2 protein chains.
Amino acid sequence: MLEYRRMTLAKPAFPAPDHDHGRCTADALAHAEEVCEQRAQKFTPIRRQVLAALLSSHRPLGAYEVIDELAKSMPRPAPITVYRALDFLMANGLVHRIESRNAYLACAAHDHDATSAVAFLICERCGLVGEIPSASFAKDLNAAARSSGFAPKLSVVEITGVCAHCQKAA
Amino acid sequence: MLEYRRMTLAKPAFPAPDHDHGRCTADALAHAEEVCEQRAQKFTPIRRQVLAALLSSHRPLGAYEVIDELAKSMPRPAPITVYRALDFLMANGLVHRIESRNAYLACAAHDHDATSAVAFLICERCGLVGEIPSASFAKDLNAAARSSGFAPKLSVVEITGVCAHCQKAA
DNA sequence: TGAATATAATAAGCAAGCTTACGATTATTC
DNA sequence: GAATAATCGTAAGCTTGCTTATTATATTCA
């Protein structure tokens with residue numbers, strides 16, 4: 001577990017296709033519970049279910065895909081229900097929004113705060129998404145922006161390509 | 001003119017609010033004509049009009065905003081008409097798509113090729129968008145991606161913040 | 001216990017982004 | 001000048017993303 005965490009922090013983390021997904025899901029849910037408790041926020045059933053739906057893959061899901069996913073195990077929720085849960089999860093750093101896809105992704109790196117910049121690696125073959133923690137590149141990027149007097153706030157960095165596993169498979 | 005070009009290449013280029021917009025538009029249209037001629041592509045009236053609509057500001061416009069813009073000077077074009085023109089312009093490196101906004105932007109830097117990575121600086125006050133040419137940061141970013149075996153292809157780097165001019169104005 | 005707050009469900013609908021299908025028009029080429 | 005290809009227009013519609021409005025259900029706490 002610590003091993004896992006350290007990896008996601010130290011270098012770009014791409015979910016290995018053979019990783020223990022049950023565990024990674026369970027860990028993430030436990031982590032979410034923890035976070036909510038610390039913040040005195042309620043991790044309600046619907047919020048848990050939405051997070052679980054996102055965790056069911058490492059792929060970003062559109063809001064309507066989340067609805068479809070939830071519909072499998074409960075009466076089909078209305079869009080508003082899911083959007084509220086997503087807003088909550090994002091506000092608490094448990095879910096990222098992938099801007100270039102209008103989609104949502106369960107956060108894999110449990111250690112960064114909600115606001116820090118993250119870069120995403122999106123595999124165009126398998127659809128899995130990895131995260132690069134900000135530290136390494138954000139400084140350069142922000143410096144480049146600032147050099148023209150621009151004050152950066154929010155960065156969207158989304159890199160499409162082919163993950164290591166899919167390269168081997170090809 | 002050369003001066004202008006050099007600047008857009010050398011460092012992040014944010015359109016100054018007092019720049020000669022008439023000229024910058026005319027330049028861009030002339031450049032587009034040139035590019036199309038070189039490639040034996042047709043710079044048809046509709047393509048020119050769509051590009052001109054995008055050039056009318058330095059803001060990214062949604063497809064329907066482009067339609068609204070065109071509707072001012074011609075019978076309202078159908079979505080498909082505009083999308084076709086946008087596809088053409090993007091394929092020829094004359095227009096960028098801003099992924100995080102589902103919007104389109106006339107390319108300001110006339111010198112980079114269609115495929116090279118560009119970072120966008122999006123001012124949340126005035127809505128203007130500047131470009132950072134890739135060279136400076138793309139290497140780092142790609143290196144970070146590659147360090148986990150990921151083969152990057154297309155990068156989306158979109159930075160929201162406040163431009164120099166709006167900071168002064170505040 | 002009753003008032004206030006947070007959360008959720010129901011119902012309905014809007015807007016944006018994009019596509020398919022097909023016919024008409026205009027260039028290009030042989 | 002007929003055949004081909006590229007471009008454009010018309011018409012229709014689909015999907016997704018997201019919102020407003022309203023009512024109901026918990027939960028908290030004075």
Side-chain angles (χ1 to χ4, degrees), chain A residues 32-33 35-54 59-71 73-92 94-105 127 156 158, chain B residues 32-33 35-54 59-71 73-92 94-105 127 156 158:
Chain A
E33 240 162 59
V35 166
C36 291
E37 195 166 358
Q38 274 176 13
R39 301 184 171 204
Q41 300 279 299
K42 287 169 210 156
F43 195 49
T44 62
I46 188 72
R47 290 168 180 175
R48 168 185 282 271
Q49 282 166 304
V50 168
L51 182 57
L54 292 176
R59 284 179 35 243
L61 300 184
Y64 277 54
E65 286 179 292
V66 173
I67 292 176
D68 291 343
E69 193 62 33
L70 293 193
S73 60
M74 61 181 287
R76 187 177 198 79
I80 186 72
T81 303
V82 165
Y83 278 109
R84 274 196 289 242
L86 287 171
D87 284 346
F88 172 89
L89 294 168
M90 279 193 289
N92 289 281
L94 300 167
V95 161
H96 296 293
R97 184 181 153 87
I98 307 291
E99 297 291 341
S100 63
R101 315 224 156 174
N102 298 328
Y104 305 85
L105 178 73
V156 171
E158 296 167 11
Chain B
E33 239 163 59
V35 166
C36 291
E37 196 165 1
Q38 275 175 13
R39 300 182 169 207
Q41 299 279 299
K42 287 168 209 158
F43 196 48
T44 62
I46 187 72
R47 290 169 179 175
R48 166 184 285 270
Q49 282 166 302
V50 168
L51 181 58
L54 291 177
R59 283 180 35 244
L61 300 183
Y64 277 54
E65 286 180 291
V66 173
I67 293 176
D68 290 344
E69 192 63 34
L70 292 193
S73 60
M74 62 181 284
R76 188 177 196 79
I80 185 72
T81 302
V82 166
Y83 278 108
R84 276 196 285 239
L86 287 172
D87 284 345
F88 173 88
L89 294 168
M90 281 192 288
N92 289 281
L94 300 167
V95 161
H96 295 293
R97 183 180 154 86
I98 307 292
E99 296 291 340
S100 63
R101 315 223 157 176
N102 297 329
Y104 304 85
L105 178 75
V156 171
E158 296 166 11

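Model, not experiment: these values are computed from the prediction. In what follows, chains are A, B, ... by sequence order, proteins preceding strands, each numbered from 1.
Residue contacts for Phe88(A): at a heavy-atom cut-off of 4.0 Å it reaches no nucleic acid atom on any strand shown. Ala78(B) comes within contact range of at least one nucleobase, with a heavy-atom separation under 4.0 Å. Residue-level contact check: Ile46(B) touches the backbone only, with heavy atoms under 4.0 Å from sugar-phosphate atoms and none from bases.
Note on Arg97(A): a side-chain N or O is less than 4.0 Å away from OP1 or OP2 of dC18(D). Between Tyr104(A) and dC18(D), a side-chain N or O to OP1/OP2 separation shorter than 4.0 Å is present.
With Arg47(B) contributing its side chain and Lys42(B) its backbone, the two residues share a donor-acceptor pair below 3.5 Å. Glu158(B) places a side-chain N or O within donor-acceptor distance of the main-chain N or O of Ser100(B), the cut-off being under 3.5 Å.
One atom, CG of Asp68(A), and another, C1' of dT15(D), lie 12 Å apart when rounded to the nearest Å. Protein atom CD of Gln41(B) is 14 Å distant from nucleotide atom C1' of dA27(C), rounded to whole Å. Atom NZ of Lys42(B) and atom C1' of dA5(D) are 8 Å apart (whole Å). Note: CZ (Arg76(A)) to C1' (dA11(C)) measures 15 Å, nearest angstrom. Put simply, CD on Glu65(B) is 12 Å from C1' on dA15(C), counting in whole angstrom units. Straight-line distance from the CZ atom of Arg47(B) to the P atom of dG9(D): 11 Å, rounded to whole Å. The nearest whole Å value for the distance from the CG atom in Leu86(A) to the P atom in dT7(C) is 15 Å. Across the protein-nucleic acid pair, Tyr83(B) atom OH and dC14(D) atom P stand 17 Å apart, rounded to whole Å.
Atom CD of Glu37(A) has 12 or fewer heavy atoms from other residues, nucleotides or ligands within 6.0 Å.
Along DNA chain C, the nucleotide nearest Thr44(A) and the nucleotide nearest Ala63(B) are compared for position; the residue whose nucleotide lies closer to the 5' end is Thr44(A).
In this structure, the nucleotide among dT19(C), dG9(D), dA11(C) sitting nearest to the side chain of Ile80(A) is dA11(C).
The pair Glu99(B)-Arg97(B) meets the salt-bridge criterion, with a side-chain N (NZ, NE, NH1 or NH2) lying under 4.0 Å from an Asp/Glu carboxylate O. Residues Glu65(B) and Arg59(B) are paired through a salt bridge, judged by an N-O separation under 4.0 Å between the basic side chain and the carboxylate.
Looking at Arg84(B), its side chain comes within 3.5 Å of the base of dG9(D) through a donor and an acceptor atom.
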